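Every chain is numbered from 1 and lettered A, B, ... according to where its sequence line falls, protein lines coming before strand lines. These figures come from a predicted structure and were not determined experimentally.
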Protein chains: 2
Amino acid sequence: MKSKEKLQAAAAKLFIEKGFENTTVQEIASLAGVTERTFFRQFKDKSDVLFDTNNDLGQRVAAYITSNFDVEKKPLKLAVESFVSISEFFDNSRERVLARNQIIQSNPDLQERELLKGQVLITSISNSLSPQYDGDLSELTARFAVEIFHMAYTKWIKNAEKSLAEQLLTVYELYENLFCCLE
Amino acid sequence: MKSKEKLQAAAAKLFIEKGFENTTVQEIASLAGVTERTFFRQFKDKSDVLFDTNNDLGQRVAAYITSNFDVEKKPLKLAVESFVSISEFFDNSRERVLARNQIIQSNPDLQERELLKGQVLITSISNSLSPQYDGDLSELTARFAVEIFHMAYTKWIKNAEKSLAEQLLTVYELYENLFCCLE
DNA sequence: TTTCAGATGTCAGTTTGTGACACTATTTTA
DNA sequence: TAAAATAGTGTCACAAACTGACATCTGAAA
């Protein structure tokens, strides 16, 4: 097991046990059997250990969009479907996702960081849409898609009954109402 | 002049002169003629000195929405108009806004913090809409409205020719195209 | 085996941020 | 007006987050 993984495991354990602010990098490093200095070589700062994914989501979503493009389909619908295509991952790791979410919600700095991930998601989606649509339109679509995802994700966190895919569709329908039924 | 204001002025000066990361709290405090300790009593951390506004925007936008509610109008349109109603402030302080923006763009931590302001904006707008609409619908409208604002704001930063109000309307029209003209 | 690159340890130092306590100025209240 | 509460500050000591420089180790290629 590489030291990076050991550090991540140690951090996860300690953050859940005693909270993010109450665990020091020192402790994480000790539990992982390495030095504090090594921690900071693997992660740019303390919170980075929770956010290491290399925009995996973004890449998978973008891939879905480029390979499932269809002129007949509204771009926002396509983007939402791309989220549906990866939603199973969330349903399958509900416990882990919930634990991580709890840590993040407990600390404002972490919430800010989580928000930043939304920005890079927007960029990924916008770029994957750009070959087909006008740049501004792609960006706006990406922004709305990510908001729909955020909202569906929040509902999914709070309600264990429905799958993330169902929540995504629910919110998407809400969006359609937003436009057409309230004139 | 209260020490809080002196600290803000000193910070603004130094951040522009030497960048955010290269100026220490120590230096800010010295220039303001106070102690480092009193800096941290006024601001919860170093970046807080740039973000002290008490959600002024949110309050004004929410006020506009509650007092200009109209069943005939789509909620998102109303929300965008509420942004238009405060856009003059940006046009009138373009230089200051640009300077602040430049500082924020130079540092990832600051960008994250700026994003958090978007979240509290969403909450303000969502709450001001809730008396009239379903909760989920209010939230989605608020999220979209803030995205429209973000995008318009970005365009306004990059292009000195158009007012923020014009940019807001441009992006709103884009949104209407997004829905109806691409079936 | 030798060599070389990459990962880790060591250590000293800067910076951020906090707690505790003392002092001063301003405002309240008797 | 005088006494007393209160808010704002300074000082000091300290924990924790990070960084740079340099030494050391380890594993794989030559």
Side-chain angles (χ1 to χ4, degrees), chain A residues 1-54 100 103-117, chain B residues 1-54 100 103-117:
Chain A
M1 202 171 177
K2 303 287 183 194
S3 62
K4 185 164 187 171
E5 299 161 31
K6 283 194 284 190
L7 284 164
Q8 285 172 323
K13 187 166 185 291
L14 292 175
F15 287 167
I16 290 175
E17 271 178 28
K18 7 189 303 180
F20 178 79
E21 316 197 17
N22 299 324
T23 102
T24 70
V25 173
Q26 176 65 254
E27 293 172 307
I28 299 172
S30 295
L31 183 56
V34 297
T35 308
E36 203 182 340
R37 193 67 185 83
T38 295
F39 179 97
F40 284 111
R41 272 195 273 252
Q42 303 289 345
F43 305 103
K44 76 177 221 294
D45 58 39
K46 183 179 165 185
S47 42
D48 200 36
V49 71
L50 279 168
F51 297 91
D52 88 304
T53 63
N54 297 330
R100 181 173 173 284
I103 297 170
I104 291 175
Q105 293 311 317
S106 77
N107 181 288
D109 287 353
L110 299 179
Q111 290 170 43
E112 293 176 10
R113 191 99 167 225
E114 181 80 336
L115 255 25
L116 195 62
K117 270 186 25 187
Chain B
M1 203 171 178
K2 303 289 181 192
S3 62
K4 184 164 187 171
E5 298 161 32
K6 283 193 286 191
L7 283 164
Q8 285 172 323
K13 187 166 186 291
L14 293 175
F15 288 166
I16 290 175
E17 271 177 29
K18 7 189 307 181
F20 178 80
E21 315 198 15
N22 299 323
T23 103
T24 70
V25 174
Q26 176 64 256
E27 294 171 308
I28 299 172
S30 294
L31 183 56
V34 297
T35 309
E36 203 182 341
R37 192 67 185 84
T38 115
F39 179 97
F40 285 113
R41 273 195 273 251
Q42 303 289 345
F43 305 103
K44 76 179 221 294
D45 57 41
K46 185 178 164 184
S47 43
D48 199 37
V49 71
L50 280 168
F51 296 92
D52 90 304
T53 65
N54 299 328
R100 181 172 173 284
I103 297 169
I104 290 176
Q105 293 310 319
S106 76
N107 180 288
D109 287 352
L110 300 180
Q111 291 171 41
E112 295 175 9
R113 191 96 168 229
E114 180 80 336
L115 253 27
L116 194 62
K117 270 186 23 186

Looking only at atom types and distance, does a side-chain atom of A:Glu27 sit under 3.5 Å from a main-chain N or O of A:Thr24, one as donor and one as acceptor? yes
A:Arg100/A:Glu114 under side-chain contact (heavy atoms from CB on, under 4.5 Å): CA gap, chis, key distance, verdict: CA-CA 11 Å; A:Arg100 181 173 173 284; A:Glu114 181 80 336; 3.3 Å; yes
Just the atom pairs and distances: protein N or O near nucleotides 11-17 of chain D's N or O, under 3.5 Å.
residue: D:dA17; atom: OP1; partner: A:Lys46; partner atom: NZ; Å: 3.3
residue: D:dA17; atom: OP2; partner: A:Val25; partner atom: N; Å: 3.2

Nearest-Å distance, [atom1] ([X]) to [atom2] ([N])?
{"X": "B:Lys44", "N": "C:dG17", "atom1": "NZ", "atom2": "P", "answer": "9 Å"}
{"X": "B:Lys2", "N": "C:dA25", "atom1": "NZ", "atom2": "C1'", "answer": "11 Å"}
{"X": "A:Leu7", "N": "C:dA7", "atom1": "CG", "atom2": "P", "answer": "14 Å"}
{"X": "B:Phe43", "N": "C:dT18", "atom1": "CZ", "atom2": "P", "answer": "14 Å"}
{"X": "B:Arg113", "N": "C:dT16", "atom1": "CZ", "atom2": "P", "answer": "14 Å"}
{"X": "B:Asn22", "N": "C:dT16", "atom1": "CG", "atom2": "P", "answer": "11 Å"}

Atom pairs, protein N/O to nucleotides 27-29 of chain D N/O, distance under 3.5 Å:
none

Can you tell me how far CD of B:Gln111 sits from CG of B:Leu116, rounded to the nearest 0.5 angstrom? 14.0 Å
Crowding at NZ, B:Lys18 (>12 non-hydrogen neighbours, <6.0 Å): yes
Indicate, with a heavy-atom threshold strictly under 4.0 Å, whether A:Gln42 touches base, sugar-phosphate, or nothing. sugar-phosphate
Do B:Lys44 and B:Phe51 meet the cation-pi criteria used here (NZ or CZ under 6.0 Å from the six-membered ring centre, within 45° of the axis)? no
Check: A:Phe15 and A:Leu50 side chains under 4.5 Å, non-hydrogen atoms: yes
Any side-chain heavy-atom pair of A:Arg37 and A:Phe40 under 4.5 Å: yes
Just to verify, what does B:Asp45 make a side chain to side chain contact (heavy atoms under 4.5 Å, CB included) with, not counting sequence neighbours? B:Ser47, B:Asp48, B:Arg113
